2 protein chains.
Amino acid sequence: MGRGRRDLWWQGRLRGCGYRVTAGREIILDALTKTDKHLSAEDIYLAVRKACPGIGLATIYRTLEILVEMGLVFKFDFGDGRARYELVEGPNKEVAHHHHLVCTNCKRVIDYTDFIEDEIELLAKTEKGLSKKYNFDIKNHVIQFYGICGNCSTK
Amino acid sequence: MGRGRRDLWWQGRLRGCGYRVTAGREIILDALTKTDKHLSAEDIYLAVRKACPGIGLATIYRTLEILVEMGLVFKFDFGDGRARYELVEGPNKEVAHHHHLVCTNCKRVIDYTDFIEDEIELLAKTEKGLSKKYNFDIKNHVIQFYGICGNCSTK
DNA sequence: TCCCTTATTGATAATGGTTTTCATTATCAA
DNA sequence: TTGATAATGAAAACCATTATCAATAAGGGA
């Protein structure tokens, strides 16, 4: 598979959903691809302005909304009043599926991939059962642990 | 165990954390105790005004913040722009531990207790491992499934 | 390649849940 | 009962997100 095809896979997804391919959308997706952090809309805005100085914050929000709706991006709430966005693992991102550990004191977030196998297995089973019982088409899930991180507990 | 003791158990918790016992706090906790729904701050405000007409919305938020910090109440985000609050199961509330199924279209939330046993078991194991590895004192967790409910998918 | 329709965009105002401010009131230890 | 101070209500401030609107750009068709 050539590089060109890899870079363009998301264009087909956009067009398939009736959306146009624009420079803004490309660069926002690019910013999400190039990081393993959970970015806020403003984080993305600042990162993207380097390559596209004229872009507006509203475009960031509008694009993120589309990407979340299409299932390309996850939107998280870590309790600090602003949403965080993360690219769903996909053909152009080799990041393992992970869950989050959130410090309710300093708001630090740790990604963990340990124990994930068991979690995924159980979730698959639960999803199946829930889908049937509640007639619910489950798209994704969130598992988060809240507590106090090492830094905060020793102060 | 007399009824009086049951009604007052939270007073000790408040005092123990250096907080005063007030009519507002009692009535807010009471509102959370008397429902099995996930209430927003405004829901609580409206419910509480019946018994305490002069209470202000700011007091609701301030009290909820304390209760969450003390671990008596869970704060949830279901993606509709307002936080929801739920009493943690405790001595004065006989509600089973549950997780949530959230419709991303109509924002409906279904509580489920099926499959909970397996989830709890796995979470306990995961918690133990994570606490140790990341030196994290885990207080609680969130498991939520997102998707499209039956109502929305048939329209 | 050039139009033409219309989705998209940037700038900005508006929205609305939540937090802060501050003077007043209530709690509770002494 | 009293005094120190935590808690409260009303209102303003805050601030992430959304809506508005005129200008611009994407892309299908000629």
Side-chain angles (χ1 to χ4, degrees), chain A residues 8 10-29 31 38-70 73 75-85 104 107, chain B residues 8 10-31 38-70 73-85 104 107:
Chain A
L8 297 173
W10 56 273
Q11 299 195 358
R13 289 288 303 270
L14 269 180
R15 289 214 182 82
C17 292
Y19 296 115
R20 292 180 180 174
V21 174
T22 69
R25 286 170 184 171
E26 170 161 20
I27 206 161
I28 289 169
L29 217 27
H38 0 74
L39 303 177
S40 67
E42 196 179 349
D43 290 337
I44 296 170
Y45 176 59
L46 296 175
V48 153
R49 278 174 74 84
K50 292 173 191 164
C52 189
I55 201 165
L57 186 53
T59 297
I60 310 293
Y61 278 106
R62 282 184 292 232
T63 300
L64 288 170
E65 188 183 3
I66 287 173
L67 296 176
V68 168
E69 182 222 313
M70 288 173 62
V73 167
K75 180 179 183 179
F76 290 102
D77 167 62
F78 294 142
D80 67 344
R82 67 185 60 189
R84 303 304 170 116
Y85 300 86
T104 52
K107 311 300 179 189
Chain B
L8 297 174
W10 57 271
Q11 300 195 355
R13 290 287 303 268
L14 270 181
R15 290 216 181 83
C17 292
Y19 296 115
R20 293 179 180 175
V21 174
T22 70
R25 287 171 183 170
E26 171 161 20
I27 207 161
I28 289 169
L29 216 29
D30 198 50
H38 1 72
L39 303 177
S40 66
E42 197 180 349
D43 290 336
I44 295 170
Y45 176 59
L46 295 175
V48 153
R49 278 173 74 83
K50 292 173 192 164
C52 189
I55 201 167
L57 187 52
T59 296
I60 310 294
Y61 278 106
R62 283 185 289 231
T63 300
L64 287 171
E65 188 183 4
I66 287 174
L67 296 176
V68 168
E69 183 223 311
M70 288 172 60
V73 167
F74 280 140
K75 180 180 183 178
F76 291 102
D77 169 61
F78 295 140
D80 66 344
R82 68 185 58 189
R84 304 304 170 116
Y85 300 86
T104 52
K107 312 301 179 188

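Numbers restart at 1 for each chain; the letters A, B, ... are given by sequence-line order, proteins then strands. Everything quoted here is computed from the prediction, not taken from an experiment.
Distance, B:Leu14 CG to D:dT8 P: 10 Å, rounded to whole Å. The interatomic distance linking A:Glu65 (CD) with C:dT9 (P) rounds to 12 Å, in whole Å. Rounded to whole angstrom, the span from the CG atom of A:Asp80 across to the P atom of C:dT19 amounts to 12 Å. Here the P atom of nucleotide D:dA7 and the CG atom of B:Leu64 are 15 Å apart, to the nearest Å. Atoms CD (B:Gln11) and P (C:dT27) sit 12 Å apart, rounded to a whole Å. When rounded to the nearest whole Å, the span between CG of A:Leu57 and P of C:dG10 equals 10 Å. Computed from coordinates, the A:Glu26 CD to D:dA26 C1' distance equals 14 Å when rounded to whole Å. Rounded to an integer number of Å, the gap from B:Asp43 CG to C:dT18 P is 11 Å.
Listed pair A:Arg20 / D:dG27 fails the phosphate criterion, with no side-chain N or O lying under 4.0 Å from OP1 or OP2. Phosphate proximity of D:dT8 to B:Arg25: present, with a side-chain N or O under 4.0 Å from OP1 or OP2. Taking only side-chain nitrogens and oxygens, B:Thr22 comes nearer than 4.0 Å to OP1 or OP2 of D:dT8. Taking 4.0 angstrom as the limit, A:Tyr61 places a side-chain polar atom (N or O) nearer than this to OP1 or OP2 of D:dT17. OP1 or OP2 of D:dG27 lies within a sub-4.0 Å distance of a side-chain N or O belonging to A:Arg15.
Pairing for C:dA30 is with D:dT1, a Watson-Crick or G-U wobble pair whose two hydrogen-bonding atom distances lie under 3.5 Å. Look at D:dT18: its Watson-Crick or wobble partner, with both distances under 3.5 angstrom, is C:dA13.
Across every non-hydrogen atom of A:Ala51 and A:Ile27, the tightest pair is CB-CD1, 3.1 Å. Contact record, A:Leu39 with A:Ala31: CD1-O, 4.4 Å, taken as the closest heavy-atom pair.
Using a 4.0 Å heavy-atom distance criterion, A:Gly54 is classed as a sugar-phosphate-only contact. Note on A:Ala23: nothing from the nucleic acid sits closer than 4.0 angstrom, heavy atoms only.
B:Leu14 has its side chain within reach of B:Met70: a pair of non-hydrogen atoms, C-beta onward, lies under 4.5 Å apart.
Distances from the side chain of A:Ile55 to the nucleotides D:dA7, C:dT18, C:dG10 place C:dG10 closest. Taking every side-chain heavy atom of A:Ala41 into account, D:dT17 is the closest of D:dA7, C:dT8, D:dT17. When the nucleotides C:dT18, C:dT9, C:dC28 are ranked by their closest atom to the side chain of B:Val21, C:dC28 comes out on top.
Take the nearest nucleotide of DNA chain C for A:Ile66 and for B:Tyr85: the residue whose nucleotide is more 5' is A:Ile66.
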A:Val21 and A:Glu26: CA distance, side-chain angles, deciding distance, side-chain contact (heavy atoms from CB on, under 4.5 Å) verdict: CA-CA 7 Å; A:Val21 174; A:Glu26 170 161 20; 5.7 Å; no
Hey, mind stepping through A:Phe78 and A:Arg84 against side-chain contact (heavy atoms from CB on, under 4.5 Å) and telling me if it holds? CA-CA 8 Å; A:Phe78 294 142; A:Arg84 303 304 170 116; 3.6 Å; yes
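No hydrogens or angles were tested; on distance alone, a donor-acceptor pair under 3.5 Å links the side chain of B:Arg62 to the base of C:dT21.
Between B:Lys75 atom NZ and B:Leu67 atom CG the span is 12.0 Å, to the nearest 0.5 Å.
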